[in-house]
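Notes follow the structure.
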Protein chains: 2
Amino acid sequence: MCRSSSRSPGRTGGRPRSAAADAAILEATRAALVELGWSKLTMGDVAGRAGVAKTTLYRRWAGKNELVVDAVAVLFDELELPDRGSLMADIEGVVVQFAALLERPETKTALMAVIAESTRDEPLRERIRTSIVERQKRLVLAGRRRAQARGELPESPASAAGTDDLIFDVIAGAVVHRALVSAEPVDAEWVQRFTALLLGGLSAAART
Amino acid sequence: MCRSSSRSPGRTGGRPRSAAADAAILEATRAALVELGWSKLTMGDVAGRAGVAKTTLYRRWAGKNELVVDAVAVLFDELELPDRGSLMADIEGVVVQFAALLERPETKTALMAVIAESTRDEPLRERIRTSIVERQKRLVLAGRRRAQARGELPESPASAAGTDDLIFDVIAGAVVHRALVSAEPVDAEWVQRFTALLLGGLSAAART
DNA sequence: GCCTTTCGCTACGCGTCGTAGCGTAACCCC
DNA sequence: GGGGTTACGCTACGACGCGTAGCGAAAGGC
């Protein structure tokens with residue numbers, strides 16, 4: 001996750017990295033994102049908030065991009081998919097959760113910024129993929145399997161893996177676009193209309 | 001669009017702003033985005049490329065954000081929706097076009113960056129909405145009307161305006177997410193699968 | 001030909017970047 | 001409990017981009 005994991009693993013002895021400092025830095029980064037946003041966030045400011053020296057930050061993260069990815073990634077692990085009884089209810093539930101997560105200023109401001117930077121930074125893109133994107137596909141996987149167990153979707157349709165990726169891009173993309181680009185509220189009515197659209201497409205695909 | 005439009009309109013006399021300089025600056029901004037990306041793009045560099053003084057940039061744009069929005073907005077006007085004979089073909093066509101536009105480095109890198117900044121900058125968000133988002137909803141509107149004329153969609157379904165917005169968020173969001181977040185290719189197979197999903201949802205909604 | 005506005009140019013103070021060097025503190029191993 | 005090793009806080013530094021001010025010159029309207 002952070003630079004410390006890329007140190008030579010066979011080493012011994014020496015003063016270990018302070019885990020408390022790691023936590024304080026990531027927390028300070030999120031706080032700074034809330035107050036300052038992306039462009040006005042500085043490494044020196046984060047260091048001051050966390051009560052550590054600026055050099056300590058640079059010993060662990062290469063720069064602002066990597067630091068913010070790690071600070072924000074854990075927020076996405078809050079997403080859950082409890083069994084709400086039907087595929088429709090499950091989808092609506094996760095959409096509402098995701099929209100609420102994107103409403104938080106540290107999330108919305110950081111997510112788009114690091115994605116923008118990742119278009120010119122291949123290692124950063126890979127970091128985002130592994131730390132955020134791939135981890136949350138678990139939600140789609142769980143939802144599909146549960147719907148299959150209920151009989152709402154056919155067992156193992158052709159090329160299920162590609163379908164999971166497609167569903168993920170549609171759900172996450174639509175919610176992000178609605179919330180951040182169109183800048184209109186993800187309210188109950190929109191969620192219901194979107195879910196109905198997606199569900200209609202899924203059942204239509206199941207029929208063929 | 002640029003600051004010049006917000007000057008006192010009733011003025012008279014004086015040396016007029018150079019339209020050639022405007023064009024050169026916007027072109028230089030796109031070139032700089034391709035080479036440097038967002039974070040390494042500087043106002044001084046753009047001025048140098050455009051062959052104008054740095055002060056000239058600041059006379060017309062408040063900063064990097066506003067400049068880049070104007071430089072990128074015109075690229076989205078290239079999108080067209082020729083009649084391809086069916087709703088399915090029309091959707092596939094516009095998705096392919098949009099994906100190609102997002103493949104261009106100046107587009108992908110700038111779009112996400114200005115959206116990120118807009119989460120903390122209300123005027124910038126409004127500028128993006130009027131310059132980019134609202135203008136491209138014309139594509140959804142044209143596609144729906146054409147499909148209705150063909151009999152593929154029912155005339156004036158309940159709350160068509162909200163549906164147009166929903167379709168726009170789903171299409172644009174899914175393509176952006178696939179291309180920039182998941183960072184996987186928007187190839188012919190994906191386009192067909194996505195279009196089938198969307199089309200299934202639309203026809204399912206039309207049946208109720 | 002006068003007035004107004006823009007233009008290119010130079011220079012400036014300010015803040016952030018990312019690094020280097022130092023002395024000190026914390027920990028592991030023997 | 002030393003000795004070795006590594007992290008830490010602190011300070012200082014050069015480099016660079018920011019955004020503005022002031023100047024003389026150029027370009028157009030009336």
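These values consider heavy atoms only, across backbone and side chains, with no hydrogens, waters or symmetry-generated copies. Predicted model only: the values in this text are computed from it and were never measured. All chains are named by letter (A, B, ...) in the order of the sequence lines, taking the proteins before the strands, and each is independently numbered beginning at 1.
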Subject >> Residue-phosphate contact under 4.0 Å: B/Arg17 side-chain N/O, C/dT6 OP1/OP2 >> reply: yes
Original post:
Would you say D/dG9 has OP1 or OP2 under 4.0 Å from some side-chain N or O of A/Thr56?
Top reply: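 Affirmative; the distance criterion is met.
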Find the distance [X]:[atom1] to [N]:[atom2] and express it as a whole number of Å.
X	N	atom1	atom2	answer
A/Leu57	C/dC17	CG	C1'	13 Å
B/Asp22	C/dT6	CG	P	12 Å
A/Met43	C/dC17	CE	P	7 Å
A/Arg59	C/dT19	CZ	C1'	11 Å
B/Leu41	D/dG17	CG	P	11 Å
B/Tyr58	C/dG8	OH	C1'	16 Å
B/Lys40	C/dG18	NZ	P	10 Å

**OP:** Verify side chain to side chain contact (heavy atoms under 4.5 Å, CB included) between A/Leu197 and B/Leu198, making sure each step is shown before the conclusion.
**Re:** CA-CA 7 Å; A/Leu197 184 71; B/Leu198 178 59; 3.9 Å; yes
Original post:
Does A/Arg127 pair with A/Asp121 as a salt bridge, N-O distance under 4.0 Å?
Top reply: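 A/Asp121 and A/Arg127: not salt-bridged.
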**OP:** Run the salt-bridge test on A/Glu35 and A/Arg49 with the 4.0 Å N-O cut-off and return the result as yes or no.
**Re:** yes
Original post:
Which part of the nucleic acid, if any, lies within reach of A/Ser18 when heavy atoms closer than 4.0 Å are counted: base, sugar-phosphate only, or nothing?
Top reply: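 Touches sugar-phosphate only.
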Quick one: which of [options] gets closest to the side chain of [X]?
X	options	result
A/Ala53	C/dC17, C/dC9, D/dG9	D/dG9
A/Val52	D/dG9, C/dC9, C/dC17	D/dG9
B/Thr42	C/dG21, D/dC18, D/dA26	D/dC18

Subject >> Heavy-atom donor-acceptor pair, B/Arg15 side-chain to C/dT6 base, under 3.5 Å >> reply: yes
**OP:** Confirm from the modelled atom types if A/Lys54 and D/dG9 form a donor-acceptor pair under 3.5 Å, side chain to base only.
**Re:**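 It does not, because no donor-acceptor pair links the side chain of A/Lys54 to the base of D/dG9 below 3.5 Å.
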Original post:
Which comes earlier along DNA chain C counting from the 5' end, the contact point of A/Thr55 or that of A/Asp45, where each point is its nearest nucleotide?
Top reply: A/Asp45
**OP:** Classify the ring geometry between A/Phe168 and B/His177 as parallel (under 30°), tilted (30 to 60°) or perpendicular (over 60°).
**Re:**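 Ring orientation, 0 to 90° scale: perpendicular.
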**OP:** Kindly indicate whether a cation-pi arrangement holds for A/Lys64 with A/Trp38, taking the cut-offs as under 6.0 Å to the six-membered ring centre and within 45° of the axis.
**Re:** yes
